[in-house]
Visitor: 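Pasting a structure here, questions to come.
Sequential numbering from 1 along the given sequence is applied to the chain's residues.
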Amino acid sequence: MPKRHGNLYEHAFTLDRLHAAYLRARRGKRKTLSVKRFERDLGANLAAIHDDLTSGDYRPQPYRHFTVYGPKPRRIAAPTFRDVVVQHAIYAMISPIFEATFIDQSYGCRAGGGAHRASDYLQSAMRAAPEDAVLLQMDIRKFYYRIDHAILRSLIERKIKDRALVDLMMRFACDGSGTIGLPIGNLLSQIYALIYLDAMDHFIKRDMKVKRYARYVDDFVIIAEDRETARRIKGQIEAFLSDRLNLELSKWRIATPRQGTNFVGFRTWRSRRFVRKRALYNFSKALREGRVDSLTSIMGHAKRTSSYAHMARRLSAERPDLKLPRKLEATL
């Protein structure tokens, strides 16, 4: 049995830890009305949170819901700033416990992870694989919306035996729509998703002995020795998802390295890598409109790809008047 951690609740919510959580929660948001209101009476607000947590009376407030439409519609549940502070305090306490067990090839929503690292690993794995190897790419149907709270709790309790903390954590797993699905927009939803699929990661790496594997949230790629092996692996993963996590695959594909794969926003082959066509479209639109912030973001994403030189040439030829940050200008 894995080591279980107790007596966390009282240490997670001291006034000093809540103040540190407030400082993290306000990063990039100091000009928002909710943060300004909270800061007007900072000491009293932190003390009120501390008192509610100490007495066991703390309950998350209702979310503000809205929909974003790019690249596909998603219903966002925005917590109040008060609840964001508490989530940061919880995250700071539990993250080191769970991070110690996550595999290195899980790249989503983690410090030191990210799309670029995931893409770098996949390309290096493709180069190291035999010439006749194949790529098995899969993703999970409506992942965040299908996470089962009972299963999530059991996975959390494998590491945490502090019932008061687990009870509070599970209150942040619900937005009033039942016992299935996580609110998208929560800080804690990110680590809950990591905990949920960590079980699959260890099944793939430890039980199935898969050597070359990368996952970014619910999108993952395995390099198998041939198509027959890839189909067998896919079947075993499908059974594990269904039996253990109440999930199912959405899309899957078997391809050769020569065909390449779309993963974490990049079209990747052994020898080179490009951004996706949507990123090129967004680049062209931002270039026409002269939106420096968008160009900076898109070109930063493309910096280690073969698409970058094409973008740099177009920027110099079509909009020499635009000034990008020095870190990008140095490479144009």
Visitor: With a sphere of 6.0 Å drawn around CD of E228, does it hold more than 12 non-hydrogen atoms of other residues, nucleotides or ligands?
Guide: no
Visitor: Parallel under 30°, tilted from 30 to 60°, perpendicular over 60°: which one fits the rings of F81 and F38?
Guide: perpendicular
Visitor: For N7, look at atom CG and say whether over 12 heavy atoms of other residues, nucleotides or ligands are found less than 6.0 Å away.
Guide: no
Visitor: Classify the ring geometry of H301 against H116: parallel below 30°, tilted from 30° to 60°, perpendicular beyond 60°.
Guide: tilted
Visitor: So do L194 and S106 actually touch side chain to side chain, heavy atoms under 4.5 Å?
Guide: yes
Visitor: Could you report the tightest heavy-atom contact between D219 and V264, atom names first, then the distance?
Guide: OD2-N, 4.4 Å
Visitor: Mind checking what makes side-chain hydrogen bond (donor to acceptor under 3.5 Å, both in side chains) contact with Y22, not counting sequence neighbours?
Guide: R26, E39
Visitor: Could you tell me whether the side chain of Q190 and the main chain of C109 form a donor-acceptor pair under 3.5 Å?
Guide: no
Visitor: Below 4.5 Å, heavy atoms only, C-beta onward: do L197 and L247 meet side chain to side chain?
Guide: yes
Visitor: Crowded around R59 CZ? As in, over 12 foreign heavy atoms under 6.0 Å?
Guide: yes
Visitor: Before accepting this row, confirm whether a basic side-chain N of the pair K205/D198 lies closer than 4.0 Å to the acidic partner's carboxylate O.
Guide: no
Visitor: Any chance you could measure I233, atom CD1, to I223, atom CD1, to the nearest 0.5 Å?
Guide: 11.0 Å
Visitor: Look at the side chain of S307 and the backbone N and O of F274, then say whether any donor-acceptor pair between them is shorter than 3.5 Å.
Guide: no
Visitor: Nearest 0.5 Å please: distance from the CG atom of L135 over to the CZ atom of R253.
Guide: 7.5 Å
Visitor: Where the side chain of R215 meets the backbone of V217, is there a donor-acceptor pair that is under 3.5 Å apart?
Guide: yes
Visitor: Judged by atom type as modelled, is there a donor-acceptor pair below 3.5 Å linking the side chain of S119 to the main-chain atoms of A115?
Guide: no
Visitor: Does a sphere of radius 6.0 Å around CG in D293 hold more than 12 heavy atoms from other residues, nucleotides or ligands, not counting ones at 6.0 Å or beyond?
Guide: no
Visitor: Would you compute the distance between atom OG of S284 and atom CZ of R288 and round it to the nearest 0.5 angstrom?
Guide: 6.5 Å
Visitor: What are the two closest non-hydrogen atoms of Y91 and P96, and how far apart are they?
Guide: O-CD, 4.3 Å
Visitor: Backbone N or O of E157 within a donor-acceptor pair of the R4 side chain at under 3.5 Å?
Guide: yes
Visitor: Please lay out, stage by stage, how L182 and L152 fare under the test side chain to side chain contact (heavy atoms under 4.5 Å, CB included).
Guide: CA-CA 10 Å; L182 295 180; L152 174 63; 4.1 Å; yes
Visitor: Would you mind reporting whether R276 and R267 have side-chain heavy atoms less than 4.5 Å apart?
Guide: yes
Visitor: Please determine, by modelled atom types, if Y63 and N186 share a side-chain donor-acceptor pair under 3.5 angstrom.
Guide: yes
Visitor: Under 4.0 Å between a Lys/Arg side-chain N and an Asp/Glu carboxylate O for K234 and E238?
Guide: yes
Visitor: Measure the shortest side-chain to side-chain distance between F220 and I140 over non-hydrogen atoms and say whether it is less than 4.5 angstrom.
Guide: yes
Visitor: Would you say T305's side chain and A302's backbone share a donor-acceptor pair under 3.5 angstrom?
Guide: yes
Visitor: Evaluate whether atom CZ of R314 has more than 12 neighbouring non-hydrogen atoms of other residues, nucleotides or ligands under 6.0 angstrom away.
Guide: yes
Visitor: Using modelled atom types only, decide if a donor and an acceptor are shared between the side chain of R17 and the backbone of H11 within a distance under 3.5 Å.
Guide: yes
Visitor: Could you give the distance from CG (L8) to CD1 (I160), rounded to the nearest 0.5 Å?
Guide: 6.0 Å
Visitor: Indicate yes or no: at least one non-hydrogen side-chain atom of L53 is less than 4.5 angstrom from one of L18.
Guide: yes
Visitor: Please state whether the rings of F240 and F203 are parallel, tilted or perpendicular, taking 30° and 60° as the class boundaries.
Guide: parallel
Visitor: When you check the side-chain N and O atoms of D83 and Y58, is any donor under 3.5 Å from an acceptor?
Guide: yes
Visitor: For D52, is there an ion pair with R82 - N to carboxylate O distance below 4.0 angstrom?
Guide: yes
Visitor: I need the minimum non-hydrogen distance between A230 and L136, along with the two atoms involved.
Guide: O-CD2, 3.4 Å
Visitor: Which heavy-atom pair separates A224 from T229 by the least distance, and what is that distance?
Guide: CB-CG2, 4.2 Å
Visitor: Do T268 and R273 pair up side chain to side chain, a donor and an acceptor below 3.5 Å, judged on atom types alone?
Guide: no
Visitor: Indicate yes or no: at least one non-hydrogen side-chain atom of L168 is less than 4.5 angstrom from one of D162.
Guide: no
Visitor: Using modelled atom types and a 3.5 Å cut-off, is there a donor and acceptor pairing between side-chain atoms of S242 and backbone atoms of A239?
Guide: no
Visitor: We want to know whether D201 and Y213 form a side-chain donor-acceptor pair, criterion being a heavy-atom distance below 3.5 angstrom.
Guide: yes
Visitor: Using only atom types and a distance under 3.5 Å, with no angle test, would you say the side chain of S124 pairs donor to acceptor with the backbone of Y121?
Guide: yes
Visitor: Between atom CG of N246 and atom CG of D148, what is the distance when rounded to the nearest 0.5 Å?
Guide: 5.5 Å
Visitor: So, for A21 and A89, which heavy atoms are closest and what is the spacing to 0.1 Å?
Guide: CB-N, 3.6 Å
Visitor: Can a salt bridge be assigned to the pair E225 and K211 using a cut-off of 4.0 Å between side-chain N and carboxylate O?
Guide: no
Visitor: State whether the number of non-hydrogen atoms from other residues, nucleotides or ligands found under 6.0 Å of R127 atom CZ is greater than 12.
Guide: yes
Visitor: Can you check whether L187's main-chain N or O pairs, donor with acceptor, with H88's side chain at less than 3.5 Å?
Guide: no
Visitor: Are D167 and R153 close enough for a salt bridge, meaning some N to O gap below 4.0 Å?
Guide: yes
Visitor: With sequence neighbours excluded, tell me which residues meet side-chain hydrogen bond (donor to acceptor under 3.5 Å, both in side chains) with T256.
Guide: Q259
Visitor: Minimum heavy-atom separation for R270 to P257, with atom names?
Guide: NH1-CB, 3.4 Å
Visitor: Checking ring-ring contact (aromatic ring centres under 6.0 Å, His included) for the pair Y192/Y196: CA distance, chi angles, key distance, verdict?
Guide: CA-CA 6 Å; Y192 293 166; Y196 208 82; over 10 Å; no
Visitor: Within the supplied structure, the quantity of interest is the number of heavy atoms (other residues, nucleotides, ligands) at a distance under 6.0 Å from R117 CZ; does it exceed 12?
Guide: no
Visitor: Could you point out which residue of I254, I237, L241, V221 forms a side chain to side chain contact (heavy atoms under 4.5 Å, CB included) with M138?
Guide: I237
Visitor: Just wondering, more than 12 heavy atoms not from R163 lying within 6.0 Å of its CZ?
Guide: no
Visitor: How many angstroms lie between atom CG of L322 and atom CZ of R291, to the nearest 0.5 angstrom?
Guide: 11.5 Å
